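Everything below concerns the one structure shown next.
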Amino acid sequence: MRIGVTGASGLLGTALLPALRSAGHAVVRIGRGPDADIRWNPAAGELDVARCEGIDAFVHLAGATIGQRWTTAHRREIRDSRVQGTALIARTAAALNPRPRVLVSASAVGIYGDAGDAFCDESAPAGTDYLADVCRAWESSADAARTAGIRTVQLRFGVVLSRHGGALARLLPVFRLGAGGRVGSGRQWMSWLSTEDAVGIVGLALESDQLAGAVNAAAPEPVTNAEFTATLARVVRRPALFPVPSFALNLVFGEMAQATLLASQRVTPRRLLAAGYAFRHATLESALSAAVNE
């Protein structure tokens, strides 16, 4: 297929593009940088439909980072970058003739809010906090593609584990110094995913007509934060003796800490398993070992 990709220079995009090309697909980078094949401006609603002709599928990964303190301006950027970008891709896909076969768009397990110990499959209700509201709007903004009859898959990603970026890249130096530890109580559930599986799941979403709508993109064995930190310490062969109290996180990161680092999401990838997806890294230790040594 000829696949248009946004967020190609991000954590997942940089791993995905070589895999798509190795599978025989042609990749068209959609972005704002000099290496983009097609330039766009989501805030202004600008994307050249004519240059998108012949695209068979879109993979939409672009969105502002959530990993910093949420000021009023950054909260707006987080929401707008997701909603405006997704709406623009969906409208563009719907306007093409012929229309693409599929739109695979990123979402996040944050849609479930702080769900405590409850298992969350794709039928679980959305949460009520800011991040859940963003995810609901993010997913709804693809409606133009769905209405046009384009198969639309929204992958609700857990924490993607890579030493090149994201949460693990921040944690690794600390844990390698032996200064790591659980976050808050450590009882909150974490839903995670190896980079290799994130790429594999995007590939399945592109190929499988069985998948449409919301799909939990997380490994089948979520862990508590205490389990996560103990496993990471074991993988890097260091102790994990220095817990980070909740009040310190709230003091430094404010609302972002409560919604991401301290929130509990125990996600089950029911639809992926039903579609026959075989996880390359079904256990956390396997995923962390692969990430640390990649």
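A quick note: this is a predicted structure, and the numbers were derived from the prediction, not measured. Basis for what follows: all heavy atoms, side chains included, without hydrogens, waters or symmetry-related copies. All residue numbers in this chain count up from 1 along the given sequence.
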> How about His281 and Ser286: does a side-chain donor come under 3.5 Å of a side-chain acceptor?
Replying inline: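 On atom types as modelled, these side chains qualify, holding a pair under 3.5 Å.
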> Any luck finding a side-chain donor-acceptor pair between Gln154 and Ser107 under 3.5 Å?
Replying inline: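 No, Ser107 and Gln154 have no side-chain donor paired with an acceptor closer than 3.5 Å.
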How long is the gap from [atom1] on [X] to [atom2] on [Y], to the nearest 0.5 Å?
X      : Y      : atom1 : atom2 : answer
Leu206 : Ile201 : CG    : CD1   : 12.0 Å
Glu77  : Ile66  : CD    : CD1   : 12.5 Å
Ser123 : Arg270 : OG    : CZ    : 5.5 Å
Met1   : His25  : CE    : NE2   : 4.5 Å
His60  : Ile89  : NE2   : CD1   : 6.0 Å
Asp197 : Arg280 : CG    : CZ    : 6.0 Å

List in chain and number order the residues that pass salt bridge (charged side-chain N to carboxylate O under 4.0 Å, His left out) with [X], two or more places apart in sequence or in another chain; answer none if no residue qualifies.
X      : value
Asp117 : none
Arg234 : Glu285
Arg79  : none
Arg2   : none

> Is there any ring-ring contact (aromatic ring centres under 6.0 Å, His included) pair reaching into residues 157-212, and which pairs are they, with sequence neighbours excluded?
Replying inline: none
Run the side-chain contact (heavy atoms from CB on, under 4.5 Å) test against [X] and tell me which residues pass, sequence neighbours left out.
X      : answer
Ala36  : Arg39
Ala8   : Val5, Leu17, Arg29
Ala145 : Ala90, Leu103, Ile150, Thr152
Thr147 : none

> Linking Ile, Leu, Val, Met, Phe, Trp and Tyr through side-chain heavy atoms less than 4.5 Å apart, which residues share a cluster with Val267?
Replying inline: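 Result for Val267 is Val109, Ile111, Tyr112.
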> Under the ring pair (Phe, Tyr, Trp, His ring centres under 6.0 Å) test, which residues partner Tyr277, sequence neighbours left out?
Replying inline: Phe279
> Is Ile78 linked to Leu61 within one hydrophobic cluster, defined over Ile, Leu, Val, Met, Phe, Trp and Tyr using a side-chain heavy-atom separation of less than 4.5 Å?
Replying inline: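 Per the 4.5 Å side-chain linkage, Ile78 and Leu61 are not co-clustered.
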> Backbone N or O of Ala106 within a donor-acceptor pair of the Trp138 side chain at under 3.5 Å?
Replying inline: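 At least one qualifying donor-acceptor pair exists.
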Side chains of [X] and [Y] in contact at under 4.5 Å (non-hydrogen atoms):
X      : Y      : result
Leu47  : Cys52  : yes
Leu272 : Leu204 : yes
Leu161 : Leu193 : no

>> Tell me every residue that passes side-chain hydrogen bond (donor to acceptor under 3.5 Å, both in side chains) with Asn97, counting only those two or more places apart in sequence or in another chain.
In response: none
> Checking side-chain hydrogen bond (donor to acceptor under 3.5 Å, both in side chains) for the pair Arg151/Gln210: CA distance, chi angles, key distance, verdict?
Replying inline: CA-CA 10 Å; Arg151 183 169 63 87; Gln210 188 176 344; over 6 Å; no
